[in-house]
Amino acid sequence: MSILTPDYYFKSISEIDAYFLKQLNITALILDIDNTLVPYSLKTADETAKQFIDMMTQNNIKICFVSNNKKNRVDEFNKQFSFPAIHRSAKPLVFSYLRAVHMMHVKRKQTAVVGDQIFTDILGGNSSGITTILVDPIDSKNDKVKLKRKFEARILEKIKYTKI
């Protein structure tokens, strides 16, 4: 189960503080987009996502978007930021996580993955030796991975993780 257990849990990205990350010596974030930063229905960052990303960049925390979604979706979202980004990443396979670390010129131990899915974001991050942060999905009503969520709920009941 430890491979599926996030290192940290927050209800949303707005609860993740740059000071907290600095305490962990985290200088880079691998961010999932859909249902982590914004709902699937939004093509660009909303105010919450912008504030989160601004706070991170103001604190010199590097960002790379890593998404299983298509190129046009990731590119459209990233237009306003121009961060390194990986589309069709095949999460949870480790190569996209390692590529993101390489693109940001950091080490794995300086990096954290933030995502809403245990079977992609958390599994991939843990398999890559990267700190993992799980957030609740933004829009569970329009979630495209409803079946997966049922399995995740069972796992979350069984595992213990640090809730900050």
Side-chain angles (χ1 to χ4, degrees), residues 3-18 21 28-57 61-101 103-104 111-128 130-157 159 161 163-164:
I3 196 86
L4 298 174
T5 305
D7 295 308
Y8 301 95
Y9 163 79
F10 293 91
K11 283 208 146 303
S12 72
I13 57 166
S14 59
E15 291 184 0
I16 303 169
D17 179 274
L21 297 174
L29 291 177
I30 295 172
L31 298 176
D32 176 50
I33 297 171
D34 295 310
N35 240 355
T36 297
L37 293 174
V38 295
Y40 288 103
S41 59
L42 288 184
K43 294 183 187 228
T44 60
D46 60 11
E47 203 52 42
T48 302
K50 285 179 192 172
Q51 287 176 359
F52 173 75
I53 290 168
D54 286 346
M55 176 182 50
M56 295 303 147
T57 56
I61 295 175
K62 297 177 180 184
I63 292 174
C64 181
F65 298 123
V66 176
S67 175
N68 280 344
N69 215 321
K70 298 174 187 172
K71 180 177 177 23
N72 61 345
R73 162 62 170 146
V74 175
D75 288 349
E76 181 71 24
F77 183 84
N78 194 24
K79 246 191 233 181
Q80 60 196 316
F81 303 111
S82 298
F83 292 127
I86 301 169
H87 64 280
R88 292 217 185 257
S89 63
K91 292 185 290 184
L93 300 179
V94 299
F95 65 86
S96 291
Y97 296 91
L98 300 179
R99 182 173 170 215
V101 167
M103 290 169 81
M104 291 187 286
T111 307
V113 174
V114 180
D116 67 302
Q117 292 187 53
I118 289 175
F119 294 118
T120 56
D121 306 305
I122 303 308
L123 176 58
N126 285 338
S127 298
S128 303
I130 296 171
T131 299
T132 54
I133 301 172
L134 179 69
V135 295
D136 288 340
I138 293 172
D139 187 1
S140 56
K141 290 178 187 161
N142 293 321
D143 201 339
K144 294 183 178 185
V145 291
K146 286 182 182 181
L147 180 61
K148 233 193 278 188
R149 295 287 185 205
K150 290 180 182 185
F151 291 108
E152 285 184 351
R154 290 182 182 161
I155 290 171
L156 286 172
E157 289 172 11
I159 62 176
Y161 51 86
K163 185 171 182 175
I164 306 293

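Quick caveat, the model's predicted, so the values are computed rather than measured. Throughout, residue positions are numbered sequentially from 1 according to the sequence presented.
- Taking 4.5 Å as the limit, every side-chain heavy atom of L4 sits out of range of all side-chain heavy atoms of I122.
- Between Y40 and R73, the closest heavy-atom pair is O-NH2, 4.1 Å.
- Across all non-hydrogen atoms, the minimal contact from H87 to V74 is CB-CG2, 3.7 Å.
- The side-chain heavy atoms of L21 and I61, taken from C-beta on, include a pair separated by under 4.5 Å.
- Side-chain atoms of D136 never come within 3.5 Å of backbone atoms of S12 as a donor-acceptor pair (strictly under, hydrogens ignored).
- Here the side chains of L123 and I3 are in contact, with some heavy-atom distance below 4.5 Å.
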* To do: Mind running side chain to side chain contact (heavy atoms under 4.5 Å, CB included) on T36 and I13 for me, showing each step along the way?
  => CA-CA 7 Å; T36 297; I13 57 166; 4.2 Å; yes

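- Within the 3.5 Å criterion, the main-chain N or O of S89 finds a donor-acceptor partner in the side chain of S96.
- The line from OG1 of T111 to CD1 of I130 is 5.5 Å long, rounded to the nearest 0.5 Å.
- Of the possible donor and acceptor atoms, none in the side chain of D121 sits under 3.5 Å from a partner among the backbone N and O of V114.
- Residues A100 and V66 share a closest heavy-atom pair of CB-CG2, 3.8 Å.
- Contact annotation: the side chain of N68 approaches that of T120 to within less than 4.5 Å [non-hydrogen atoms, C-beta and beyond].
- Taken to the nearest 0.5 Å, the CG atom of N78 stands 7.5 Å off from the CZ atom of F83.
- Between F65 and I86 the shortest side-chain heavy-atom distance does not fall below 4.5 Å.
- Across all their heavy atoms, A45 and K50 have their closest contact at O-CE, 3.3 Å.
- Atom CD1 of I133 is separated from atom CD1 of I30 by 11.0 Å, given to the nearest 0.5 angstrom.
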* Checking side chain to side chain contact (heavy atoms under 4.5 Å, CB included) for the pair I63/T57: CA distance, chi angles, key distance, verdict? -> CA-CA 8 Å; I63 292 174; T57 56; 4.2 Å; yes

* Are R88 and N69 close enough, and set up right, to give a side chain to side chain contact (heavy atoms under 4.5 Å, CB included), and what steps lead you there? -> CA-CA 5 Å; R88 292 217 185 257; N69 215 321; over 6 Å; no

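- Looking at every heavy atom in both residues, Q80 comes nearest to T44 through NE2-CB, 3.4 Å.
- K62 places none of its side-chain heavy atoms less than 4.5 Å from the side chain of M56.
- Considering only heavy atoms from C-beta on, L134 stays 4.5 Å or farther from Y8 through its side chain.
- Using modelled atom types, no side-chain atom of N35 and backbone atom of P39 make a donor-acceptor pair closer than 3.5 Å.
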* Step by step, would you call V135 with K11 a side chain to side chain contact (heavy atoms under 4.5 Å, CB included)? -> CA-CA 5 Å; V135 295; K11 283 208 146 303; over 6 Å; no

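- Atom-to-atom distance recorded for K91:NZ and Y97:OH is 5.0 Å, nearest 0.5 angstrom.
- Taking each heavy atom of M55 and A18 in turn, the nearest pair found is SD-N, 4.0 Å.
- D32 contributes no side-chain N or O that, together with a main-chain N or O of S67, makes up a donor-acceptor pair within less than 3.5 Å.
- A salt bridge links K71 with D75: the closest approach of a Lys/Arg side-chain nitrogen to an acidic carboxylate oxygen falls below 4.0 angstrom.
- The aromatic rings of F81 and F77 sit tilted relative to each other, their planes meeting at an angle between 30° and 60°.
- Two residues are said to be in side-chain contact when any heavy atoms from C-beta on lie closer than 4.5 Å; I138 and D34 fail this criterion.
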